[in-house]
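Since the structure is predicted, the reported quantities are computational estimates derived from the model, not experimental observations. Residue numbers begin at 1 in each chain, while the letters A, B, ... track the order of the sequences.
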There are 2 protein chains.
Amino acid sequence: MEDQKQKLELVKKPTVNDIARVAGVSLATVDRVLNRRPGVRAVTVQKVQKAIDELGYVRDTAAANLARNRVYNFLFVLPDTDNEFVEALSTQIGEQSWDQFIERTRMTIKKVAPFDPQDIVEILDGVDGRDVDGVAVFGPETPSVRDAVKRVRDKGVPVVALVSDLPSSDRDHFVGIDNVSAGRTAAQLMGRFVHRPGKVLVLTGSRLARDHLERRQGFDLVVAEEFPHLEVVASVEGRDDPDLIYKMMPEIFETYPDLVGIYSSAAGNAGLVQFLSESKISKGLAIIAHELTPLSREALCRGTFDALISQDSGHIVRSAVRLLRATSDKVPFNRAQERIRIDIYLKENLPP
Amino acid sequence: MEDQKQKLELVKKPTVNDIARVAGVSLATVDRVLNRRPGVRAVTVQKVQKAIDELGYVRDTAAANLARNRVYNFLFVLPDTDNEFVEALSTQIGEQSWDQFIERTRMTIKKVAPFDPQDIVEILDGVDGRDVDGVAVFGPETPSVRDAVKRVRDKGVPVVALVSDLPSSDRDHFVGIDNVSAGRTAAQLMGRFVHRPGKVLVLTGSRLARDHLERRQGFDLVVAEEFPHLEVVASVEGRDDPDLIYKMMPEIFETYPDLVGIYSSAAGNAGLVQFLSESKISKGLAIIAHELTPLSREALCRGTFDALISQDSGHIVRSAVRLLRATSDKVPFNRAQERIRIDIYLKENLPP
DNA sequence: TTGAAAGCGCTACCAC
DNA sequence: GTGGTAGCGCTTTCAA
């Protein structure tokens with residue numbers, strides 16, 4: 001930090017030429033040391049390294065990429081569902097592909113059967129380190145997926161986990177929100193929005209999905225801690241399937257006539273919205289769902305949903321790309337910029 | 001869009017050499033046309049332009065910047081207050097300066113007397129187009145400021161308005177949130193959080209600050225529309241001054257004994273927090289304030305504040321820089337990425 | 001009005 | 001092991 005400050009005063013940054021001059025070697029040798037290539041005597045490496053440190057050299061990535069004509073090829077592995085959030089991710093990848101193309105990076109999407117670890121494993125094992133420079137995976141944290149991710153990384157290909165973390169796999173980075181906190185946030189809103197005592201339902205997706213589990217966990221914690229007037233009943237697993245959810249709703253309301261709130265912590269909101277718009281049950285029921293999508297936005301504006309917990313899909317994609325590039329180039333990245341926020345949306349603060 | 005899609009299939013992007021070859025001219029001429037420099041016959045321009053269009057050429061900014069050894073010098077004009085949000089902006093500028101330095105951009109801060117248009121005008125009029133490539137201004141929208149901004153732009157120097165918009169000045173961009181929506185958001189939260197009927201106070205900063213006015217406006221609108229149990233009383237102007245605010249509070253509570261909520265729409269929260277922690281009045285009082293800072297964060301965690309409306313200072317600085325660079329280079333930018341969100345923070349979704 | 005050539009910071013290939 | 005040199009895409013003298 002001190003060194004950096006100092007450097008800012010400098011008129012010019014040192015270049016490879018400066019290093020060569022100071023170390024008394026050729027450009028080629030400097031380059032070899034810089035890129036940790038073999039074929040340089042230890043003493044020479046020392047000399048060069050000394051010059052690098054003294055000068056406070058920082059590689060000009062743009063120039064390097066230009067010289068080597070570098071192109072980054074990144075693979076996005078996404079579940080093949082018509083879930084609106086996954087679609088938003090795909091759309092973002094599509095929309096950003098031109099901007100990224102200009103910045104020397106190509107993005108490819110591969111869709112895999114949802115909730116099917118085997119399919120992901122196959123894709124992952126098919127990754128060729130020669131034509132893929134990084135992989136972003138959105139999938140369940142099963143032992144087989146975990147091992148497949150490890151295998152990809154062993155090939156030297158960086159991997160980031162998207163939306164749902166895969167910590168046990170040693171992925172290079174996680175790009176998404178802290179889902180326990182997201183659940184806690186939903187609970188706080190629920191507790192504040194609902195005045196009368198009653199039961200609250202958590203609609204979840206799959207037991208395999210780490211993100212869903214974490215949300216439920218955070219939700220329960222805060223309701224228990226802060227809102228004694230609410231009681232969270234057993235989760236209902238909707239498998240992110242609108243039809244299934246739609247069909248399950250009547251029975252749920254029969255079982256819990258005193259329902260005062262629903263936390264839809266996964267996808268498949270279309271089923272919920274449809275049911276609510278048909279039956280007039282929703283009166284006085286607080287509903288908090290996840291992800292800003294055209295459907296949920298509409299529901300929020302109509303007052304069917306009361307709040308949305310969301311994560312910015314555009315930011316997620318940009319962040320995944322930046323992290324993959326930084327990892328691939330072994331350069332540092334800006335933590336604060338890569339942090340995905342837990343967005344809260346009310347109808348008042350929707351983006352235009 | 002169609003063209004771009006097509007381009008993505010291509011193996012390589014066309015370069016200046018391709019244009020030169022296709023147009024049958026030299027590199028130098030291509031460059032002259034590309035950069036709209038004089039000294040090229042109209043017919044030649046046509047030829048080159050045709051080749052550019054045909055090939056779908058897009059300039060490689062990195063290579064261009066390398067060749068011309070471009071450095072961007074940006075000036076940030078900020079009010080000289082100890083207001084925590086302004087400090088956050090300064091801190092961000094400091095923290096990002098190394099990253100930006102690496103990317104060929106230097107940031108300078110100039111502090112001006114707060115709420116004093118004349119001081120800003122002087123700084124702005126002192127801007128020399130030869131050593132400043134862009135200006136980011138956080139200031140009041142007065143006629144003199146507006147005219148000074150116009151003068152800067154007339155010199156060919158891009159200007160972005162920071163946090164508080166200066167639409168009448170024709171600034172190139174506004175980097176900040178929609179403050180009417182921010183006020184609406186605060187009102188929605190207030191209405192949902194407060195159950196019993198009563199009065200709500202809006203603590204504002206200055207009548208000159210466009211952002212404060214807009215927030216108040218949005219707040220009033222939503223309370224009137226949706227929450228008949230609340231009554232917004234006349235604004236109190238705290239001039240972003242903690243001491244002043246602290247001193248005013250007792251009288252306010254005397255005047256409105258049935259206060260149920262406070263919307264602190266400007267700065268100076270320290271005074272409010274101090275008063276509340278000393279008197280035990282705050283019980284059952286909903287308080288919504290602006291900007292996530294160490295102080296407000298602490299107040300939120302302790303339960304003194306109930307929610308925060310915020311804008312990400314890191315994002316604001318990065319966005320200002322990107323917009324200034326894009327404007328300066330006359331290249332397009334990504335709207336979605338530059339949109340500053342209206343963040344809502346509860347104690348549950350605070351960043352680590 | 002136009003073009004040839006050098007050079008930005010870095011990499012890579014081919015000699016020695 | 002090491003160095004010379006061409007070249008990435010673009011800009012910028014300097015001559016013609």
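A:R339 pairs by the salt bridge (Lys or Arg N to Asp or Glu O under 4.0 Å) definition with nothing, not counting sequence neighbours. For A:S319, the side-chain contact (heavy atoms from CB on, under 4.5 Å) partners are A:V175, A:H315, A:R322, A:L323, A:E338, A:I340, not counting sequence neighbours. Residues passing the salt bridge (Lys or Arg N to Asp or Glu O under 4.0 Å) test with A:D119, sequence neighbours excluded: none. Residues forming a salt bridge (Lys or Arg N to Asp or Glu O under 4.0 Å) with B:K111 (at least two apart in sequence, or on another chain): none. Listed by chain and number, the residues in a salt bridge (Lys or Arg N to Asp or Glu O under 4.0 Å) with A:D18 are A:R21 (sequence neighbours excluded).
Near DNA chain D, meaning a heavy atom under 4.0 Å from it, residues 322-334 of chain A has no residue at all. For the contact set between residues 64-73 of chain A and DNA chain D, defined by any heavy atom under 4.0 Å, the members are A:L66, A:A67, A:N69.
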When the side chains of residues 160-174 of chain A are checked against the rest of the protein, which donor-acceptor pairs come out under 3.5 Å, sequence neighbours left out?
residue : atom : partner : partner atom : Å
A:S164  : OG   : A:D211  : N            : 3.3
A:S164  : OG   : A:D211  : OD1          : 3.4
A:D165  : OD1  : A:R171  : NE           : 2.6
A:D165  : OD1  : A:R171  : NH2          : 3.4
A:D165  : OD2  : A:R171  : NH2          : 3.1
A:S168  : OG   : A:E141  : OE2          : 3.1
A:S169  : OG   : A:L166  : O            : 2.6
A:S169  : OG   : A:R171  : N            : 3.3
A:D172  : OD1  : A:R153  : NH2          : 2.8
A:D172  : OD2  : A:R153  : NE           : 2.7
A:D172  : OD2  : A:V159  : N            : 2.8
A:H173  : NE2  : A:T327  : OG1          : 3.4

Without placing hydrogens or testing angles, list every side-chain donor-acceptor pair under 3.5 Å for residues 22-30 of chain A, not counting sequence neighbours.
residue : atom : partner : partner atom : Å
A:S26   : OG   : A:A28   : N            : 3.4
A:S26   : OG   : A:T29   : N            : 3.4
A:S26   : OG   : A:T29   : OG1          : 3.4

Salt bridge (charged side-chain N to carboxylate O under 4.0 Å, His left out) evaluation trace for B:R104 with A:D60: CA-CA 10 Å; B:R104 324 184 94 87; A:D60 181 333; 3.3 Å; yes

I'd like to know whether A:R341 forms a salt bridge (charged side-chain N to carboxylate O under 4.0 Å, His left out) with B:D343, so could you lay out the CA-CA distance, the side-chain angles of the two residues, the decisive distance to 0.1 Å, and finally the verdict. CA-CA 9 Å; A:R341 270 168 295 223; B:D343 296 323; 3.8 Å; yes

CA sep, side-chain torsions, deciding dist, call: B:R70, B:D329, salt bridge (charged side-chain N to carboxylate O under 4.0 Å, His left out): CA-CA 11 Å; B:R70 184 136 171 43; B:D329 290 343; 3.6 Å; yes

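No side-chain donor from either of B:N73 and B:R130 sits under 3.5 Å from a side-chain acceptor of the other. No side-chain N or O of B:R325 forms a donor-acceptor pair with one of B:N65 less than 3.5 Å apart.
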For nucleotides 1-3 of chain D, give me every protein contact, N/O to N/O, under 3.5 Å, one pair per line with atom names.
residue : atom : partner : partner atom : Å
D:dT2   : OP1  : A:R41   : NE           : 2.7
D:dT2   : OP1  : A:R41   : NH2          : 2.8
D:dT2   : OP1  : A:T44   : OG1          : 2.8
D:dT2   : OP2  : A:R41   : N            : 2.8
D:dT2   : OP2  : A:T44   : OG1          : 3.2
D:dG3   : OP2  : A:S26   : N            : 3.0
D:dG3   : OP2  : A:S26   : OG           : 3.3
D:dG3   : OP2  : A:T29   : OG1          : 2.8
D:dG3   : N7   : A:R32   : NH2          : 2.6
D:dG3   : O6   : A:R32   : NH1          : 3.3

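Put simply, CG on A:D31 is 17 Å from P on D:dA6, counting in whole angstrom units. Rounded to an integer number of Å, the gap from CG of B:L34 to P of D:dT12 is 12 Å.
Rounded to 10 degrees, the angle separating the terminal helix axes of the helix from C:dT1-D:dA16 to C:dC16-D:dG1, each built from five base pairs, is 50°.
Nucleic acid contact class of A:D60 (heavy atoms, under 4.0 Å, all strands): sugar-phosphate only. Across all strands, B:N17 comes closer than 4.0 Å to no nucleic acid atom at all (heavy-atom distances).
A distance-only check finds a donor-acceptor pair linking the side chain of A:N334 to the backbone of A:A336 [under 3.5 Å]. Judged by distance alone, with hydrogens and angles left aside, the side-chain atoms of A:T105 form no donor-acceptor pair with the main-chain N or O of A:F101 at under 3.5 Å.
Where DNA chain C meets chain B (any atom under 4.0 Å from a heavy atom), the bounding nucleotides read 5' to 3' are C:dT1 to C:dG9.
Of the residues B:V112, B:T108, B:V127, B:V145, the one that meets the side-chain contact (heavy atoms from CB on, under 4.5 Å) test with B:V77 is B:V112.
Residue B:L124 comes nearest to B:K155 through the heavy atom pair O-NZ, 3.6 Å, listed as atom of the first residue, atom of the second, then distance.
Contact check, B:K13 against D:dG9: no side-chain N or O comes under 4.0 Å of OP1 or OP2. For A:R104, no side-chain nitrogen or oxygen approaches OP1 or OP2 of D:dC8 to under 4.0 Å.
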